[in-house]
Asks: 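Here it is, the structure, as structure tokens.
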Amino acid sequence: MALTTKEFAPKKPWRRRAIVGGCAAAVVIVAAVGLSGHGSETPPTDSAAAPTSTGDTTAAPTATPTTPKGSLVPQVPAAAKSPTDADWLTAAPQQISWQRVDGVPLPFSASDGPSRIDGAVAEGYTRTPQGATIAAIQIGMRLIFSPDFETVVKRQTAVSDSEREQLIAARSAQPTLPVDAVMATTMQPVGFKIGSYTDSDATIYFAYRGQGETNRIARMAVTWSDGDWKYTGRMAPEAPQLPDTPDLSAFTSLLT
């Protein structure tokens with residue numbers, strides 16, 4: 001899909017709230033630079049209230065206040081999974097700390113990164129399904145919400161130079177949402193499922209609580225480049241869009 005003024009025209013207030021979803025960056029990237037024909041989905045928002053803290057499976061927990069760009073969790077490399085593990089594709093990243101960065105909840109794990117923070121960039125993810133999962137949320141959300149998004153675009157997207165320039169221009173045209181508005185309308189995913197994984201590419205499904213018993217499902221994709229996961233809009237063809245569902249039995253919980 002090519003860049004159009006329609007995709008990035010200023011939004012009315014009610015529409016602006018609607019696009020502050022957990023993976024809205026996926027929509028921005030695909031719409032802005034036409035990375036693929038596979039598309040992406042915008043996950044839901046909670047326009048009534050911020051998520052509440054819980055230890056069960058009925059709601060997403062509250063992210064911990066932290067430094068502006070996040071606080072690293074001490075890494076425990078031995079905790080990372082290997083392809084010989086039976087739960088290689090289904091295990092959750094270990095010791096996840098959910099922290100709000102620029103208002104949006106982001107995960108920091110002890111097993112799979114990020115292991116470094118350099119300004120607006122959180123990097124250093126394991127080359128595992130779990131590392132790809134953490135990277136997809138971290139990079140995607142910083143692309144759409146970070147005031148320093150241009151740095152994230154330049155360092156953590158696997159796109160051509162012309163696509164990168166189009167993305168920066170499109171993102172620059174978007175209105176800046178105040179942090180309190182972002183905090184009030186964004187939510188954490190409650191679970192994930194690997195849709196496709198190789199050493200070079202991954203497409204991950206994320207589940208977000210919807211109305212009643214329904215869960216909204218969104219996809220994000222990353223590719224391995226220059227020693228780390230980078231954001232891409234190219235979804236694996238074997239990981240198609242999924243409909244809303246009340247059943248998360250095939251998903252791994254991200255609740256902590």
Side-chain angles (χ1 to χ4, degrees), residues 22-23 25 51-57 59-143 145-146 152 155-156 183 186-195 197-199 202-208 220-231 248 251-256:
C23 298
T52 56
S53 179
T54 179
D56 60 26
T57 59
T62 300
T64 304
T66 186
T67 55
K69 299 303 177 182
S71 296
L72 296 176
V73 175
Q75 297 297 288
V76 184
K81 292 295 178 179
S82 71
T84 59
D85 292 323
D87 58 352
W88 168 241
L89 294 175
T90 59
Q94 298 299 297
Q95 301 179 41
I96 297 177
S97 169
W98 284 95
Q99 305 169 20
R100 286 196 177 269
V101 177
D102 296 315
V104 67
L106 298 178
F108 296 76
S109 79
S111 57
D112 299 283
S115 60
R116 302 181 299 277
I117 296 177
D118 181 10
V121 173
E123 57 191 358
Y125 302 96
T126 60
R127 198 171 188 176
T128 65
Q130 294 73 29
T133 298
I134 297 291
I137 302 180
Q138 280 276 357
I139 300 170
M141 297 304 93
R142 289 172 189 262
L143 282 171
F145 292 112
S146 175
V152 182
R155 290 177 53 179
Q156 292 189 292
M183 291 182 66
T186 53
M187 62 180 71
Q188 299 165 217
V190 296
F192 76 94
K193 181 173 75 169
I194 301 299
Y197 183 84
T198 68
D199 279 347
T203 298
I204 306 103
Y205 294 108
F206 293 97
Y208 292 81
M220 298 182 78
V222 289
T223 188
W224 189 264
S225 177
D226 298 327
D228 211 349
W229 292 111
K230 304 291 178 66
Y231 198 92
L248 293 183
F251 282 70
T252 298
S253 176
L254 284 172
L255 299 177
T256 56

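In this chain, residues are counted from 1 in sequence order. Note that this is a predicted model, so its numbers are computed, not measured.
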Asks: Would you confirm whether Q94, through its side chain, and A92, through its main-chain N or O, come within 3.5 Å as a donor-acceptor pair?
Replies: yes
Asks: Taking all non-hydrogen atoms of both residues, which atom of T186 and which atom of F145 are closest, and how far apart?
Replies: CG2-CZ, 3.9 Å
Asks: How many angstroms lie between atom CZ of F108 and atom CD of Q75, to the nearest 0.5 angstrom?
Replies: 11.0 Å
Asks: Determine whether the side chains of S82 and T84 contain a donor N or O and an acceptor N or O closer than 3.5 Å.
Replies: yes
Asks: Taking the ring centre of each residue, are Y197 and W88 less than 6.0 Å apart?
Replies: yes
Asks: Can you measure from OH (Y231) to CG (L143) and round to the nearest 0.5 angstrom?
Replies: 7.0 Å
Asks: Please check if the side chain of Q130 supplies one atom and the backbone of A91 the other of a donor-acceptor pair under 3.5 Å.
Replies: yes
Asks: I'd like to know if the side chain of S115 reaches the main chain of G124, judged simply by a donor and an acceptor atom lying under 3.5 Å from each other, with no hydrogens or angles considered.
Replies: yes
Asks: Could you give the distance from CD1 (I96) to CG (L255), rounded to the nearest 0.5 Å?
Replies: 9.5 Å
Asks: Pairs in or reaching into residues 110-134: which pass ring-ring contact (aromatic ring centres under 6.0 Å, His included), with residues at least two apart or in two chains?
Replies: none
Asks: Report the distance from atom CE of M141 to atom CG of L106, rounding to the nearest 0.5 Å.
Replies: 8.0 Å
Asks: Sequence neighbours excluded, which residues qualify as side-chain hydrogen bond (donor to acceptor under 3.5 Å, both in side chains) partners of T126?
Replies: D112, T128
Asks: For the pair R142 (side chain) and V152 (backbone), establish whether a donor and an acceptor sit closer than 3.5 Å, ignoring hydrogens and angles.
Replies: no
Asks: Given D118 and R155, is the salt bridge (charged side-chain N to carboxylate O under 4.0 Å, His left out) satisfied, shown in steps?
Replies: CA-CA 11 Å; D118 181 10; R155 290 177 53 179; 3.0 Å; yes
Asks: Using the side-chain contact (heavy atoms from CB on, under 4.5 Å) rule, take T133 and I194 through it: C-alpha gap first, then chi angles, then the decisive distance, then the call.
Replies: CA-CA 8 Å; T133 298; I194 301 299; 3.6 Å; yes
Asks: Could you report the tightest heavy-atom contact between P93 and F192, atom names first, then the distance?
Replies: CD-CE2, 4.0 Å
Asks: Walk me through it: do K69 and D102 pass the test salt bridge (charged side-chain N to carboxylate O under 4.0 Å, His left out)?
Replies: CA-CA 7 Å; K69 299 303 177 182; D102 296 315; 2.8 Å; yes
Asks: Measuring from K81:NZ to T90:OG1, what's the distance to the nearest 0.5 Å?
Replies: 8.0 Å
Asks: Enter the distance from Q99:CD to L72:CG here, rounded to the nearest 0.5 Å.
Replies: 8.5 Å
